[in-house]
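Presented below is the structure to which this report refers.
The figures that follow rest on heavy atoms only: side chains count, while hydrogens, waters and symmetry mates do not. Counting convention: from 1, in listed order, for ligands and their atoms alike.
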Amino acid sequence: MAKGKDLEGKRENFASKFGIIAAAAGSAVGLGNIWRFPYVAGENGGGAYLLVYIAFVILIGVPAMLSELIIGRRSKSNAVGSFRKLKPKTPWYLVGVMGVLTGFLIFAFYSTVAGWTLHYTYLAIINAFHGMNGAQLAETFDKFHKSALLPVFWQIIFIIMTAAIVIAGIEKGIERYTKILMPLLFLILLILVIRAITLPDAGKGLKFLFMPDFSKVTGKTILEAMGQAFFSLSLGMGVLITYGSYIQKHENLTDVAGEVAFFDTLVAILAGVAIFPAVFAFNLKPEAGPGLAFLTLPGIFEQMPGGYFFAIIFFLLLVVAALTSSISLLEVTVAFLTEEFHITRKSATIWSSLVVAILGIAATLSFGILNNFHIFHKTIFDFLDNVTANILLPIGGFFIVIFVGWVMNKSETRAELTNENKMKGRIYGIFLFLVRYVVPLAIAIVFLYSIGLIKL
Ligand code: TRP
């Protein structure tokens, strides 16, 4: 019997603790950390935003993450089947259905940006940025992402890479590759950090990131920090229900959640440390916005000694981060299809990848030829991005913590959290208080704010 197989020999498991952490942290650490976090921090005053963000990760992120892991491991089932098993004949399974759907939508626009990172890795390798000024770099990005063939080509390559890993299964696919890719990502990031902090004037960038300026903290900062925590930790759509279902009974879920949250936050901070000193050293504005990675960084590398090399590894870093995240998005659907409809893993992966590709291509083309096609006044890309991050994830997260806090049997949730009461202490009481009151209330506030029902 393979080490990763369940006793029944049917359902797969992660074979090792390190494998669990690599896969879950792989899901969490993504474009959200390396591309989104630094620019959102840049727009929100740096250090103060960072403090608020960390508070949300600990107070809300960790309990929400634990809730998903509890549902998954208790039920040993996919995002939909888990609710059916734990509360049969109730509409709770719809939370899982919504999760599967959300996964499709996120993967679609995520693969667009991931495709860009592949193309930029290629451009870095052929030294295409050489001698370009800011305007030329902006034009390069503009022309590329608004064209049709090239971005779609790279997007399809990316989807195929994701599918190939998912087809191979949990232990031989996801666990095996994330165990290599995550340390690699960390290594690349450390190299970049060392390069960044040895730049002239690096202190300015570090000061911006770490010195809190509380005059910049507004209601909006606080709510943006919380939204970022949800997206960054991959919460609210059943990724961690699915991964939790592959975690063996003896593992400690609190450790898993704590380590993943720690690692995810560390990577976001390190990404900030890698980026801000360079931004200041080369006289760019920290609030440059979403273009930071694709517009300004090639320019920064171009002006830097060894820049050719650093540009390649930076974009490679983005590819790796995106890949280990998209694996988790696809796995939610594949686990659902194989278990609920008894389709093989291979055809489940291929079929769902095809659907994602169609939706994803539409998202990619919405920067160019489909730019005038709007859903609720938004392009397809913006619609997918907005409806998932601002609406579907908060709703999903809200119902997941309510389910664990108020619906599931307390003896069951306690058994999962404390490994059948082997762990002593007050941790269960604190957890229950957080998932019953603190987390749902906080999510409700963010949600109402993001759809504009309340204004701060
Ligand atoms: N967390 C990933 C990032 O930061 C993105 C991601 C992967 C995600 N799976 C998710 C976000 C599930 C929300 C839900 O890039």
Could you give the N/O to N/O pairs under 3.5 Å linking ligand 1 and the protein, each with its distance?
{"from": "ligand 1", "atom 1": "1 (N)", "to": "Ser27", "atom 2": "O", "distance (Å)": "3.3"}
{"from": "ligand 1", "atom 1": "1 (N)", "to": "Ala28", "atom 2": "O", "distance (Å)": "3.0"}
{"from": "ligand 1", "atom 1": "1 (N)", "to": "Phe231", "atom 2": "O", "distance (Å)": "2.8"}
{"from": "ligand 1", "atom 1": "1 (N)", "to": "Ser232", "atom 2": "O", "distance (Å)": "3.1"}
{"from": "ligand 1", "atom 1": "1 (N)", "to": "Ser234", "atom 2": "OG", "distance (Å)": "3.0"}
{"from": "ligand 1", "atom 1": "4 (O)", "to": "Ala28", "atom 2": "O", "distance (Å)": "3.1"}
{"from": "ligand 1", "atom 1": "4 (O)", "to": "Gly32", "atom 2": "N", "distance (Å)": "3.4"}
{"from": "ligand 1", "atom 1": "4 (O)", "to": "Asn33", "atom 2": "OD1", "distance (Å)": "3.4"}
{"from": "ligand 1", "atom 1": "9 (N)", "to": "Ser234", "atom 2": "OG", "distance (Å)": "3.3"}
{"from": "ligand 1", "atom 1": "15 (O)", "to": "Leu31", "atom 2": "N", "distance (Å)": "3.1"}
{"from": "ligand 1", "atom 1": "15 (O)", "to": "Gly32", "atom 2": "N", "distance (Å)": "2.8"}
{"from": "ligand 1", "atom 1": "15 (O)", "to": "Tyr110", "atom 2": "OH", "distance (Å)": "2.5"}

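Between Tyr437 and Trp406, the gap from one ring centroid to the other is short of 6.0 Å. Ring pair Phe153/Tyr122: centre-to-centre distance not below 6.0 Å. In this structure, Phe341 has its ring center under 6.0 Å from that of Phe336.
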Determine, stepwise, if the pair Glu68 / Arg73 fulfils salt bridge (charged side-chain N to carboxylate O under 4.0 Å, His left out).
-> CA-CA 9 Å; Glu68 290 203 25; Arg73 187 168 73 171; over 6 Å; no
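For the side chain to side chain donor-acceptor pair (under 3.5 Å) test, residues two or more places apart in sequence or in another chain that qualify with Arg84 are Glu340.
Ring orientation note: the planes of Tyr243 and Tyr246 are tilted relative to one another, at an angle of 30° to 60°.
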